[in-house]
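Here's the structure, in structure tokens; my notes come after.
These values consider heavy atoms only, across backbone and side chains, with no hydrogens, waters or symmetry-generated copies. Numbered from 1 within each chain, the chains take letters A, B, ... in sequence-line order. Source: prediction; values computed, not measured.
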There are 2 protein chains.
Amino acid sequence: MNPFDAVRSPEALATVPVCDRCGSRIAGLCQPLDSAALDEVSSESQQTSLTAHSMVFREGDPAGRIFTLVEGFAKLTRLLPDGKQQVVGFRFAGDVIGYTTLPTYPFDAELLTDSRICRLERGQLDALLRRYPVLERRMLDLCVQELTATQEQLVTVGRRSAEARVAAFLLSLVEASRRRGKPCTVLEMPMTRADIADFLGLTLETVSRSLTAFRKRGWIREPVHHRVEMVNLRAVSDLAEGLS
Amino acid sequence: MNPFDAVRSPEALATVPVCDRCGSRIAGLCQPLDSAALDEVSSESQQTSLTAHSMVFREGDPAGRIFTLVEGFAKLTRLLPDGKQQVVGFRFAGDVIGYTTLPTYPFDAELLTDSRICRLERGQLDALLRRYPVLERRMLDLCVQELTATQEQLVTVGRRSAEARVAAFLLSLVEASRRRGKPCTVLEMPMTRADIADFLGLTLETVSRSLTAFRKRGWIREPVHHRVEMVNLRAVSDLAEGLS
DNA sequence: AGACCGCCTTGAACCCGTTCGACGCCGTCC
DNA sequence: GGACGGCGTCGAACGGGTTCAAGGCGGTCT
């Protein structure tokens with residue numbers, strides 16, 4: 001155990017072990033913090049459990065809080081005036097949700113599964129950022145990562161064929177799982193066909209047809225609902241690259 | 001004039017006036033700096049002029065430098081294995097180009113016009129960020145802005161019809177011009193139809209047809225090559241919103 | 001059990017944007 | 001001047017993905 005543990009308050013003892021297993025500690029905002037700083041962050045933040053389909057926040061809500069997804073899956077969506085929605089991203093354990101410089105959140109954040117989230121008031125975050133410059137640096141790094149991923153997604157949606165988009169989506173799930181330290185061929189995929197379609201700029205029928213095609217070619221399996229097994233990762237990534 | 005000017009070195013006197021008119025000072029990284037800090041930044045950075053079609057850097061180059069576009073226009077592109085390119089964004093006077101946490105640049109940066117750029121070695125930037133926390137904050141803000149714009153672009157490419165995408169593109173030009181403090185109905189548009197098409201996930205023919213359609217409807221004019229006049233901004237933004 | 005509902009799958013027809021081809025315009029290079 | 005190449009425009013045919021429609025499967029509620 002960490003040598004700092006001995007001097008922690010009982011309160012901290014209760015909260016920190018939770019933090020140690022949090023995705024944020026592994027790949028997210030809290031990764032660069034030492035134990036003392038982690039204590040402070042964790043004592044200022046509020047952990048809550050929420051059920052699937054809860055809204056963490058809505059597009060247009062005042063952006064007064066920042067969230068970390070401790071466990072679970074979420075989707076971020078923007079609504080178009082004509083009613084169609086675009087999924088701008090999915091979020092996994094450890095990811096930060098809702099950091100923006102805008103006065104209001106620019107998208108909806110909806111949980112796809114029962115989840116645990118960690119909540120911080122905006123003012124508290126700003127104070128922490130001032131106190132621990134390493135946190136601000138970390139925010140910037142995460143933001144740049146996010147920007148790169150979104151640009152990648154732009155390429156996917158803008159230039160790839162339907163099947164190549166679905167293949168690229170599967171690869172992004174593999175990558176997200178790897179980043180969380182679980183390199184595994186069987187992946188959680190809690191999003192519906194419609195969610196995936198809205199992410200890829202396709203219809204749910206096309207997504208369904210593509211996944212069926214992959215299954216028939218023996219590239220993937222779906223042992224149970226909302227779980228994919230990547231059988232032939234190479235074939236999928238070749239298709240995503242357009243080498244078809 | 002600024003009271004700090006009196007104590008400046010002759011060298012600073014030569015460089016700072018340039019900075020004061022730089023786009024970065026108005027809308028970019030240097031915006032929050034006081035005169036003393038601006039002196040330091042400007043003395044560490046190298047200004048150069050480059051001609052149209054120069055590459056600022058290429059995808060895969062070691063990301064050792066950060067650039068600010070002082071004057072001019074640039075496009076950022078990613079190349080797909082099959083040879084197609086996706087324009088991931090355009091950059092205008094004042095914008096930062098090439099900041100990444102990755103070891104290499106994730107896209108090409110090519111100038112569309114003769115431009116002036118301001119160059120900073122990565123190590124110098126890191127030192128400045130440590131010295132002036134306000135700069136790090138500013139980087140984060142710019143990154144979040146950029147992320148929001150890219151997500152907006154994702155919606156455009158993913159869910160809008162061809163004409164709506166072109167309309168949205170025109171609006172983004174208006175917005176970029178406004179941000180640089182030049183709210184004007186006649187805009188520079190140095191990119192070719194092919195560039196626009198690659199940005200919007202369309203072909204150049206479709207872009208050409210859409211712009212022709214807008215012209216025939218009297219929504220825009222193109223008085224000279226590479227310049228658009230927004231005659232009926234309302235009609236364009238209604239189309240972009242999908243209210244057609 | 002039966003009815004209902006959300007989600008997924010599959011088929012067939014259609015349509016929007018692409019592809020392919022041709023041409024015009026303009027600037028540059030022999 | 002003439003040839004060439006980059007860029008933009010336009011028409012006709014094609015095709016990938018959408019739209020529309022029907023049906024299946026697995027839950028949950030009554």
Atom [atom1] of [X] to atom [atom2] of [N]: distance rounded to whole Å?
X        : N      : atom1 : atom2 : answer
A:Asp198 : C:dC8  : CG    : P     : 12 Å
A:His53  : D:dG27 : NE2   : C1'   : 13 Å
B:Asp195 : D:dC7  : CG    : C1'   : 11 Å
A:Leu211 : C:dT10 : CG    : P     : 11 Å
A:Arg193 : D:dT18 : CZ    : C1'   : 18 Å
A:His226 : C:dG6  : NE2   : P     : 15 Å
B:Ile196 : D:dT9  : CD1   : C1'   : 14 Å
A:Glu222 : D:dG26 : CD    : P     : 14 Å

What does the list of N/O pairs under 3.5 Å between the protein and nucleotides 12-17 of chain D look like, with a distance for each?
from: D:dG17; atom 1: OP1; to: A:Ala162; atom 2: N; distance (Å): 2.7

Choose from D:dC7, C:dT9, D:dT9 the nucleotide whose nearest atom is closest to any side-chain atom of B:Thr192. D:dC7
Side chain of B:Glu205: nearest nucleotide among D:dC10, D:dC20, D:dG8? D:dC10
Below 30° counts as parallel, above 60° as perpendicular, anything between as tilted: where do the rings of B:Phe199 and B:Phe169 land?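 Rings of B:Phe199 and B:Phe169: perpendicular, as their planes differ by over 60°.
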Which of parallel (below 30°), tilted (30 to 60°) and perpendicular (above 60°) describes A:Phe57 and A:Phe107?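 Rings of A:Phe57 and A:Phe107: tilted, as their planes differ by 30° to 60°.
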Under 3.5 Å, side chain of [X] to main-chain N/O of [Y], donor-acceptor pair present?
X        : Y        : result
A:Ser177 : A:Leu173 : no
B:Ser115 : B:Leu111 : no
A:Asp195 : A:Thr192 : yes
A:Ser210 : A:Val166 : no
B:Arg159 : A:Lys84  : no

For the helix from C:dA1-D:dT30 to C:dC30-D:dG1, what angle lies between the axis at the first five pairs and the axis at the last five pairs, to 10 degrees?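 Taking the rotation axis at each end, their angle is 30°.
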Name the residue closer to the 5' end of DNA chain C, choosing between A:Thr212 and A:Arg159 according to the nucleotide with the nearest heavy atom. A:Thr212
Counting only pairs under 3.5 Å, give me each side-chain donor-acceptor contact of residues 217-224 of chain A, with atom names and distances, residues two or more places apart or in other chains.
from: A:Arg217; atom 1: NH1; to: A:Glu163; atom 2: OE1; distance (Å): 3.2
from: A:Arg217; atom 1: NH2; to: A:Glu163; atom 2: OE1; distance (Å): 3.0
from: A:Arg217; atom 1: NH2; to: A:Glu163; atom 2: OE2; distance (Å): 3.0
from: A:Arg221; atom 1: NE; to: A:Glu229; atom 2: OE1; distance (Å): 3.2
from: A:Arg221; atom 1: NH2; to: A:Glu229; atom 2: OE2; distance (Å): 3.2
from: A:Glu222; atom 1: OE1; to: A:Arg193; atom 2: NH2; distance (Å): 3.3
from: A:Glu222; atom 1: OE2; to: A:Arg193; atom 2: NH2; distance (Å): 3.1
from: A:Glu222; atom 1: OE2; to: A:Arg215; atom 2: NE; distance (Å): 3.1
from: A:Glu222; atom 1: OE2; to: A:Arg215; atom 2: NH2; distance (Å): 3.3

Do the side-chain N and O atoms of A:Gln86 and A:Asp198 include a donor-acceptor pair separated by under 3.5 angstrom? no
